[in-house]
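The structure displayed is predicted, hence computed values, not measured ones.
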Amino acid sequence: MKLSELFPDYNGQDNPVIDSLAVDSREPNPNGLFFCITGLRSDGHRYIDQAVRQGAVAVVHSAETDLPAGVIGIRVADTSEELLRVTNLFYAYPSAAMKIYAVTGTNGKTTTAYIMENLLSHVERCAYNGTVGLRINGQLQEGIHMTTPDNLTLTRMIAQVRDAGCDSLAMEISSHALDQRRADNVAVDVAVYTNLTHEHLDYHGTMASYCEAKCRLFRGLKSGAVSVLNRDDAYYEVFRAASAVRTVSYGMHPESTYRISDLSLTATGSHFILHYDGAAYPVETDLVSAVNMYNLTAALAAVHEAGHDLSAMIARAAHIEMNIGRFQAVPNQHCTVLVDFAHTPDGFEKIYAFAKEITSPQNRIITVFGSAGQRDKLKRPILGAVSDRYCDRIILCEDDIRDEDPVVIAAEIAEGIEHKEKVSVIADRYEAIAAAIRESAPGDTVLLLSKGLERHIPKADGDEPWMGDDRAAKKALHEFYGEAADE
């Protein structure tokens with residue numbers, strides 16, 4: 001597009017064709033437009049020369065700056081605001097070309113969005129974008145280590161989904177992204193709220209600020225959209241008041257629009273009755289745990305509110321492909337091994353409660369986890385206290401340590417553990433998992449928490465490859481008990 005098409009008020013003598021956009025000065029940007037974004041840790045104005053070396057022919061800036069010779073400057077009041085407008089225009093408003101389902105909340109975002117993708121893929125071409133990466137037509141396109149990337153990357157990805165012929169996109173939106181307005185130009189049709197519990201207070205400061213960031217999604221919904229809210233969550237009324245559009249609810253509360261009752265859980269599947277508009281629908285699914293029944297009901301409500309037949313979607317819920325490290329079993333003949341991404345006190349509470357239900361009183365619950373470096377330190381002793389209440393054995397190890405010492409992080413977690421005799425610190429994650437498997441007896445439940453199926457561990461020098469908790473468990477099971485390992 002011509003520069004003047006992106007900026008109608010521009011009337012300079014040179015009017016180059018803009019072939020690409022960039023917010024990262026290190027990114028190749030031939031015949032490009034570079035946006036000087038001021039973030040928490042860096043200011044794009046400092047990297048204009050580097051951006052020009054990568055091909056930028058024009059720069060959008062908000063501060064007074066000296067530009068290299070021949071480079072066009074577009075001075076604006078707010079570069080982030082202009083980025084939202086220009087990316088949508090440059091990529092021809094991609095979110096308007098399909099149905100957008102957006103999920104936010106502390107826990108359950110990935111699972112709920114993935115369930116929606118599974119349900120919808122039976123009747124249309126649905127993509128997923130979030131913590132796991134970008135998935136189009138069942139194929140993972142790229143891994144993104146952020147739940148919601150920067151606006152340029154996000155808009156480009158939505159355009160990729162549109163260009164692949166997809167009818168819909170189920171996406172996660174994080175509180176950081178909402179606070180930083182990364183998704184403000186996404187036209188959301190159905191917005192789902194899962195829950196709000198202690199997390200990210202290193203960034204937001206208070207639960208009130210954290211809640212306000214989440215509420216921004218529901219305040220900014222377009223006309224005709226619908227909000228799907230967890231009626232059982234303590235912040236339900238806050239989100240209902242924030243929603244600018246029609247609102248429905250889900251949960252066990254008697255006033256829920258989509259009400260769950262008669263819940264029955266096993267280690268291999270679940271059953272409940274879903275009540276909607278005076279009718280009762282039996283739901284059978286291979287998903288496990290009470291929390292996943294909330295995630296499933298949220299997804300069913302969302303796709304039904306978007307116009308899909310509820311009975312047909314319930315039938316498809318019998319089998320959900322969920323190879324994403326959420327309540328994920330590692331099949332073996334020795335004990336129950338579950339891998340889960342849980343990394344918050346509430347997430348721990350829920351998976352421990354499920355483990356308690358499926359583990360006989362004479363057997364043990366063994367947990368392996370760590371806590372992320374350079375992230376919310378306040379939750380570390382809380383994770384320890386929750387684990388102490390439920391678990392018979394606690395092995396603390398490395399997580400996404402970044403530049404922190406995993407032994408120091410473990411000590412901070414252990415501050416919340418009263419029964420110190422339960423605790424061991426084994427910094428190496430594989431050795432910790434192997435120790436848990438080696439110590440387990442038939443009938444025990446081993447929980448590998450905080451990383452899910454992630455294949456990397458961020459350390460001080462960058463990402464280090466990691467086999468994944470599931471593969472680590474399989475390797476240990478093979479080593480100690482002769483179970484078949486991955487090829």
Worksheet item: Is the Y235-Y193 ring centre distance short of 6.0 angstrom?
Response: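 Centroid separation for Y235 and Y193: 6.0 Å or greater.
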Worksheet item: For the ring pair Y276 and H304, is the centre-to-centre distance below 6.0 Å?
Response: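 Yes: the rings meet the under 6.0 Å criterion.
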Should we count [atom1] of [X] as having more than 12 external heavy atoms under 6.0 Å?
| X | atom1 | result |
| --- | --- | --- |
| Q139 | CD | no |
| D461 | CG | no |
| R389 | CZ | yes |
| E418 | CD | no |

State whether the side chain of [X] and the backbone N or O of [Y] hold a donor-acceptor pair below 3.5 Å, judged by distance alone.
| X | Y | answer |
| --- | --- | --- |
| N129 | A127 | no |
| N151 | L154 | no |
| D189 | Y101 | no |
| R402 | G373 | yes |
| D340 | L449 | no |
| K475 | R471 | no |
| T297 | M293 | yes |
| N292 | S289 | no |
| E117 | A113 | no |
| D388 | G384 | no |

With rounding to the nearest 0.5 angstrom, report the [atom1] to [atom2] distance, [X] to [Y].
| X | Y | atom1 | atom2 | result |
| --- | --- | --- | --- | --- |
| K422 | I366 | NZ | CD1 | 12.0 Å |
| I426 | C397 | CD1 | SG | 8.5 Å |
| N230 | M252 | CG | CE | 10.5 Å |
| D184 | L84 | CG | CG | 5.5 Å |
| I173 | K214 | CD1 | NZ | 9.0 Å |
| M467 | K474 | CE | NZ | 12.5 Å |

Test item: [X] and [Y] side chains (from C-beta on) under 4.5 Å apart, heavy atoms:
| X | Y | value |
| --- | --- | --- |
| H204 | E212 | no |
| I273 | H271 | yes |
| Y128 | E172 | yes |
| R246 | S227 | no |
| H122 | M313 | no |
| H419 | I394 | no |
| Y258 | L300 | no |
| E349 | T197 | no |

[X] and [Y] ion-paired at < 4.0 Å:
| X | Y | value |
| --- | --- | --- |
| E124 | K99 | no |
| R240 | E255 | no |
| D309 | R316 | no |
| R438 | E431 | no |

Between [Y] and [X], is there a side-chain donor-acceptor contact under 3.5 Å, judged purely by atom types and distance?
| X | Y | answer |
| --- | --- | --- |
| T87 | N185 | yes |
| R364 | S440 | no |
| R326 | T110 | yes |
| Y210 | T106 | yes |
| W466 | D469 | yes |
| Y203 | D179 | yes |
| Y352 | S387 | yes |
| N107 | T344 | yes |

Nearest heavy-atom neighbours spanning [X] and [Y]:
| X | Y | value |
| --- | --- | --- |
| R429 | S450 | NH2-OG, 3.5 Å |
| T194 | Y250 | CA-OH, 3.4 Å |
| M116 | A302 | SD-CB, 3.6 Å |
| L83 | I37 | CD2-CD1, 4.2 Å |
| A280 | H275 | CB-ND1, 3.9 Å |
| N363 | D392 | O-OD2, 4.1 Å |

Worksheet entry | Stepwise side-chain contact (heavy atoms from CB on, under 4.5 Å) test for K451 and I457 | CA-CA 9 Å; K451 285 194 66 64; I457 295 180; 3.8 Å; yes
Worksheet item: Going through the checks in order, is the salt bridge (charged side-chain N to carboxylate O under 4.0 Å, His left out) test met by D470 and R455?
Response: CA-CA 10 Å; D470 56 330; R455 305 302 191 205; 2.6 Å; yes
Fill in: T257 vs R231, side-chain hydrogen bond (donor to acceptor under 3.5 Å, both in side chains): CA-CA, chis, key distance, verdict
CA-CA 9 Å; T257 314; R231 187 67 179 81; over 6 Å; no
Worksheet entry | Stepwise side-chain contact (heavy atoms from CB on, under 4.5 Å) check, T131 with K109 | CA-CA 9 Å; T131 306; K109 294 186 297 294; 5.6 Å; no
Practice prompt. Apply side-chain contact (heavy atoms from CB on, under 4.5 Å) to F369 and I413, showing your working.
Written response: CA-CA 10 Å; F369 68 93; I413 295 170; 3.8 Å; yes
Practice prompt. Dump the intermediate steps for side-chain contact (heavy atoms from CB on, under 4.5 Å) on F218 and L229, then the final yes or no.
Written response: CA-CA 10 Å; F218 299 89; L229 308 178; 3.7 Å; yes
